[in-house]
Amino acid sequence: MSWRRAVWRRLREIDISALASAGIPFANNPDYGTEEVADHALAMILSLHRRPWEHDARARGYTSGWQVHSLKPRSRSNRTTVGVVGVGRIGTAVY
């Protein structure tokens with residue numbers, strides 16, 4: 001059995017009648033994963049801002065306290081502007 005599923009917005013590009021005549025089931029699920037993808041996008045935005053991978057890499061080599069080794073400059077989140085490009089379901093969910 002061959003199963004096709006569309007999770008993208010360009011449903012009109014899919015020849016649904018050709019799929020049906022070939023006996024291939026088709027489903028459209030435009031709302032699938034909106035919150036999950038938006039949560040992941042927000043996590044990536046925060047990660048780029050706070051750079052946890054860099055802190056981790058440096059902390060593995062510290063021989064003394066972490067306070068003297070903090071990354072500079074460190075900007076505060078409330079002083080940062082983030083632009084979300086896209087006002088579809090995911091972009092709106094991130095906002």
Side-chain angles (χ1 to χ4, degrees):
M1 172 189 253
S2 181
W3 175 259
R4 300 290 179 262
R5 178 173 49 126
V7 293
W8 59 88
R9 304 239 359 195
R10 299 188 188 270
L11 182 61
R12 62 185 165 273
E13 295 177 3
I14 299 169
D15 190 347
I16 296 172
S17 32
L19 290 173
S21 66
I24 299 172
F26 175 80
N28 179 36
N29 192 358
D31 292 324
Y32 176 79
T34 299
E35 292 297 322
E36 291 79 5
V37 174
D39 288 350
H40 188 76
L42 187 56
M44 292 175 72
I45 290 168
L46 289 171
S47 178
L48 287 171
H49 180 68
R50 301 302 289 184
R51 304 182 338 239
W53 67 88
E54 194 171 346
H55 290 281
D56 177 65
R58 289 186 182 192
R60 292 174 187 271
Y62 294 164
T63 57
S64 61
W66 63 268
Q67 288 97 344
V68 295
H69 297 289
S70 62
L71 297 176
K72 307 274 193 274
R74 174 185 267 169
S75 59
R76 299 286 181 192
S77 298
N78 64 351
R79 296 182 191 152
T80 303
T81 301
V82 175
V84 177
V85 178
V87 291
R89 288 182 182 105
I90 294 169
T92 303
V94 170
Y95 176 72

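When a residue number appears, it is its place in the shown sequence, counting from 1.
Qualifying salt bridge (charged side-chain N to carboxylate O under 4.0 Å, His left out) partners for Arg60, counting only residues two or more places apart in sequence or in other chains: Asp56.
Atom NE2 of His40 has 12 or fewer heavy atoms from other residues, nucleotides or ligands within 6.0 Å.
One hydrophobic cluster, built from ILVMFWY side chains closer than 4.5 Å, holds both Ile16 and Ile24.
The backbone N or O of Ser17 sits less than 3.5 Å from a side-chain atom of Ser21, completing a donor-acceptor pair.
Across all non-hydrogen atoms, the minimal contact from Ala38 to Ile90 is CB-O, 4.0 Å. Across every non-hydrogen atom of Arg51 and Glu54, the tightest pair is NE-OE1, 2.9 Å. What you find for His49 and Thr80 is that their closest heavy atoms are CE1-OG1, 3.1 Å.
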